[in-house]
Amino acid sequence: MPKTIIISNRLPIKVQRSEAGLAYETSEGGLATGLGSIYKQDDNIWIGWPGTYFEDEAEQEQVTQDLAQQSMHPVFLTESEIRDFYEGFSNETLWPTFHYFSQYAVYDDSFWNAYQQVNQKFCQAVMQRAEPGDTIWVHDYQLLLLPAMLRSQIEDSSIGFFQHIPFPSYEVFRLLPWREQLLNGMLGADLIGFHTYDDARHFLSSVSRIVGLNTSQGLIDNGYRHIMVDAFPMGIDDEKYATLAASQETKAKMDEYREALQEQRIILSIDRLDYSKGIPQRLQAFELFLKENPDFHGKVTLFMLVVPSRDQVEMYRQLKETIDELVGRINSSYRTITWNPIQYFYRSFPIEELSALYSIADIALVTPMRDGMNLVCKEFIASKLDKKGVLILSEMAGASRELADAVLINPNDMGQMVQALQDALLMPEDEQMARMGQMQDIVRRYNIHHWVEIFMNRLQYIKMKQQTMATETLTKEESEHLVSTFKEARQRMLFLDYDGTLTSFTKDPTKALPDQELLSILECLTQQEKNRVVIVSGRDRNTLQKWLGHLPVDFIAEHGVWFKERNGEWEMFQNLSDAWKQEIKPILELHVSRTPGSFIEEKDFSLVWHYRKVDRTLAELRARELSNYLLFIAANINLQVMEGDKIVEVKNSEVNKGVGSTRWLEQHAHDFILCIGDDRTDEDMFRVMPEDAFTIKVGSERSLARFNLENSKQVRKLLKSLC
């Protein structure tokens with residue numbers, strides 16, 4: 001029975017050594033809560049590092065057996081792997097880059113080597129458990145290479161990937177020396193999820209400009225399958241925090257805190273020690289607030305909780321020193337015998353105490369410089385049972401895209417943060433309750449369980465979509481079936497593309513003339529009265545007439561602009577205008593001047609930019625630039641931009657090969673259809689063919705066609721068998 005495998009760097013449980021032996025500490029995190037509904041079911045499993053270094057094989061075996069009882073499987077890391085993979089590449093290279101602190105990034109080949117090796121170790125651990133048909137969900141930036149590694153091992157499995165931190169803009173991401181390898185690793189997934197649309201947009205831009213793949217409407221076409229990219233804002237277990245806030249234990253803690261803080265208005269700040277959280281800037285803003293608002297002295301307390309993190313690393317040690325100095329300076333400058341402006345704690349608090357702090361706080365100050373989602377703000381909202389309280393939230397946190405009723409600020413704008421504190425402290429209770437009620441509705445509706453459900457549903461959807469585009473090789477048996485069906489039919493219709501299908505490509509399109517073999521095949525097919533051969537091509541009508549006009553074949557030229565029946569004259573499908581060429585042609589000419597080896601082909605109602613002779617790297621860059629720019633312009637002037645084999649073509653959007661082929665299907669009786677094409681423009685033709693038609697894609701790319709052949713030689717061999 002197919003199962004679901006969840007993979008993350010850390011398991012939702014931490015194994016620790018104690019005097020009594022091994023101890024297992026369960027994570028309180030939202031991810032563990034949300035995915036608990038998955039990995040604990042049936043034969044499902046969670047794979048990850050148990051959080052501790054184990055050298056003794058007996059200990060490893062014991063941990064493996066104990067975790068198996070909780071549907072988990074450990075990946076054991078060595079001390080050097082923890083140092084170079086986790087502390088090194090993950091947290092000193094990727095973390096600062098993805099949070100826009102690239103000046104802190106370390107580019108070390110030994111870190112990169114360790115990152116590759118550990119991702120491969122995770123792959124091996126998955127392969128020990130994975131079977132065909134399993135669904136695999138990979139999590140976060142430590143395992144960016146894993147999806148592609150898994151894809152190479154289990155090609156047909158459903159693989160999802162979710163990134164829990166931001167994805168930077170192309171200009172920042174391209175600073176990484178290993179940018180292409182990282183993107184290709186992620187592209188092994190079928191569905192790639194981020195917290196916000198901005199993150200998804202940045203990723204798509206990097207894929208387009210670095211890897212050179214076509215992206216459209218959140219789908220990446222890698223030639224073999226569609227990869228979906230989407231935003232899935234992560235939620236929390238809102239019921240858990242609401243229940244905690246109502247518990248007697250929390251209420252007792254609330255009474256204790258209120259007695260200690262007297263009548264103080266409480267501003268709550270909770271963060272892990274990290275430069276991305278903007279803690280020094282927050283303290284500076286609070287200091288400025290006290291300076292400008294003496295009326296609030298003795299009435300407002302900043303309750304600052306900083307959770308220790310990596311403070312043995314020099315950068316983090318310096319950050320802690322900065323925070324300590326700021327707290328000390330502010331308290332020494334403003335405190336009185338009965339009032340300390342800042343209550344500062346450098347430690348983690350139990351969840352019950354956090355719940356009490358959330359409940360009594362008047363303001364939650366959540367102002368990261370850059371953050372993936374930031375669930376602290378959602379935990380604060382879910383804990384406010386009386387709906388009183390104000391959330392001040394950084395625009396740079398992913399949650400700001402959902403929580404429009406928070407007081408949103410730019411964390412770099414000190415004055416705005418001070419003003420937000422003033423506004424929050426003076427906000428009427430009815431406005432507080434209205435805003436909080438709106439935000440609670442959002443947190444309740446889009447909770448952690450909804451996040452898991454919607455991601456898994458989209459993964460299932462894209463897999464089904466891929467399967468509809470799956471193409472099988474035309475086997476000997478299928479080929480024989482095609483031939484026998486052809487011979488039994490009385491009215492046969494053959495739709496044949498020209499370039500790449502009947503002939504192979506040439507660097508100069510004007511030299512792709514039909515050779516004697518092709519002419520003989522077409523003559524043979526057209527001599528049979530039962531056959532109607534239709535050449536469906538993007539080429540201009542004059543060229544087709546010159547090359548094949550002496551044969552009794554039908555033509556659909558320029559992707560459907562012109563048509564001609566075997567005994568008729570050339571006709572236009574509908575009245576079209578080519579006035580748009582005046583605007584588009586100069587753009588193509590500019591690209592020709594910038595791209596040696598490229599040239600423009602002009603047809604009656606289309607323009608084609610050819611780049612078959614261009615250096616591959618430059619060609620991919622220019623093609624991406626041109627396509628993106630043309631798509632932007634075309635949306636306003638009713639044009640279609642198509643990418644074919646080493647071409648970018650612009651044409652009137654009213655016509656395509658599918659529209660032209662439909663005309664033949666409607667006007668001519670048939671009981672057998674063969675349709676063969678090789679590039680994206682032929683997908684329109686495959687799309688309109690009946691289910692029983694023999695549709696064939698030339699090449700190995702995924703397609704709407706039922707079958708595929710490798711090249712034009714095999715196409716000719718098939719057509720010869722029909723003579």
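By convention here, the first residue in the shown sequence is residue 1. Note that the structure is a prediction, hence the values are computed from the model and not measured.
Side-chain contact between P74 and W49: absent, with no pair of heavy atoms (C-beta onward) separated by less than 4.5 Å. Between N9 and D140 there is no side-chain heavy-atom pair separated by less than 4.5 Å. Within the 4.5 Å cutoff, side-chain heavy atoms of I381 are placed close to those of L403. Residues Q343 and Y257 have side chains not in contact (no heavy-atom distance under 4.5 Å, counting atoms from C-beta outward). Looking at heavy atoms from C-beta onward, R258 lies in side-chain contact with I360 at the 4.5 angstrom threshold. Residues Q163 and D199 fail the side-chain proximity criterion, which asks for heavy atoms closer than 4.5 Å. Counting only heavy atoms from C-beta outward, the side chains of H164 and M234 approach each other to under 4.5 Å. Side-chain contact between S269 and L305: absent, with no pair of heavy atoms (C-beta onward) separated by less than 4.5 Å.
Side-chain contact of N374 with D371: a donor-acceptor pair under 3.5 Å is present, judged by distance alone. Neither side chain, T301 nor R265, offers a donor N or O lying under 3.5 Å from an acceptor on the other. Side-chain contact check for H450 and R445: no donor-acceptor pair (N or O, by modelled atom type) lies under 3.5 Å. There is a side-chain donor-acceptor pair under 3.5 Å between E61 and Q65. In summary, the side chains of S276 and D274 do present a donor paired with an acceptor at a separation below 3.5 Å, with no hydrogens or angles considered. Using modelled atom types, one finds a donor on one side chain and an acceptor on the other under 3.5 Å when comparing S309 with R272. Side-chain N/O atoms of E81 and Y86 include no donor and acceptor closer than 3.5 Å. There is no side-chain donor-acceptor pair under 3.5 Å between N331 and Y344. When only modelled atom types and interatomic distance are considered, N412 and Q281 share no side-chain donor-acceptor pair under 3.5 Å. Counting only N and O atoms by type, the side chains of Q60 and D56 include no donor and acceptor under 3.5 Å apart.
Comment: E402 engages K378 in a salt bridge, judged by a side-chain N to carboxylate O separation of less than 4.0 angstrom. Comment: D134 does not engage R129 in a salt bridge, judged by the lack of any side-chain N to carboxylate O separation of less than 4.0 angstrom. A salt bridge is defined here as a Lys NZ or Arg NE, NH1 or NH2 lying under 4.0 Å from an Asp or Glu carboxylate O, and K320 with D324 meets this definition. Note on R401 versus D198: salt bridge recorded, some NZ/NE/NH1/NH2 to OD/OE distance being below 4.0 Å. Residues E431 and R435 are paired through a salt bridge, judged by an N-O separation under 4.0 Å between the basic side chain and the carboxylate. Using a 4.0 Å cut-off between a side-chain N of Lys or Arg and a carboxylate O of Asp or Glu, K253 and E249 do not qualify as a salt bridge. Taking 4.0 Å as the cut-off between side-chain N and carboxylate O, K387 and E429 do not count as a salt-bridged pair.
Sorted by first and then second residue, the pairs that involve residues 276-315 and meet ring pair (Phe, Tyr, Trp, His ring centres under 6.0 Å), not counting sequence neighbours, are F289-F296, H297-Y334, H297-W339, F303-F345.
Taken to the nearest 0.5 Å, the CG atom of L319 stands 12.0 Å off from the NZ atom of K277. Atom CD in Q440 sits 6.5 Å away from atom CE in M436 (nearest 0.5 Å).
In this structure a side-chain-to-backbone donor-acceptor pair under 3.5 Å is missing from T93 to S90. Although no hydrogens or angles enter the test, the distance criterion places a donor-acceptor pair under 3.5 Å between the side chain of Q416 and the main chain of N410.
Between F85 and F122, the two ring planes are tilted [angle within 30° to 60°]. Using bins of under 30°, 30° to 60° and over 60° for the plane-to-plane angle, the ring pair W137/W451 lands in the tilted bin. Relative orientation of the Y115 and F89 rings is tilted, given thresholds of 30° and 60° on the angle between their planes. The aromatic rings of Y275 and Y104 sit perpendicular to each other, their planes meeting at more than 60°, with 30° as the lower class boundary.
The two residues V63 and Y24 have their closest heavy-atom pair at CA-OH, 3.7 Å. Between I236 and A382, the shortest heavy-atom distance links the atoms CD1-CB, 3.9 Å.
E292 pairs by the salt bridge (charged side-chain N to carboxylate O under 4.0 Å, His left out) definition with nothing, not counting sequence neighbours. With sequence neighbours excluded, the residues that form a ring-ring contact (aromatic ring centres under 6.0 Å, His included) with Y141 are W95.
The number of heavy-atom neighbours closer than 6.0 Å to CD of E263, taken from other residues, nucleotides and ligands shown, is 12 or below. Around the CD atom of Q103, the shell of radius 6.0 Å holds more than 12 heavy atoms that belong to other residues, nucleotides or ligands. Sparse packing is recorded around CG of D43, with 12 or fewer heavy atoms of other residues, nucleotides or ligands lying under 6.0 Å away.
For the pair R458 and Y461, the distance from NZ or CZ to the six-membered ring centre is under 6.0 Å and the angle to the ring normal is within 45 degrees.
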- Give the intermediate values and the outcome of salt bridge (Lys or Arg N to Asp or Glu O under 4.0 Å) for residues R317 and E321. CA-CA 6 Å; R317 188 182 63 78; E321 287 181 359; 2.6 Å; yes

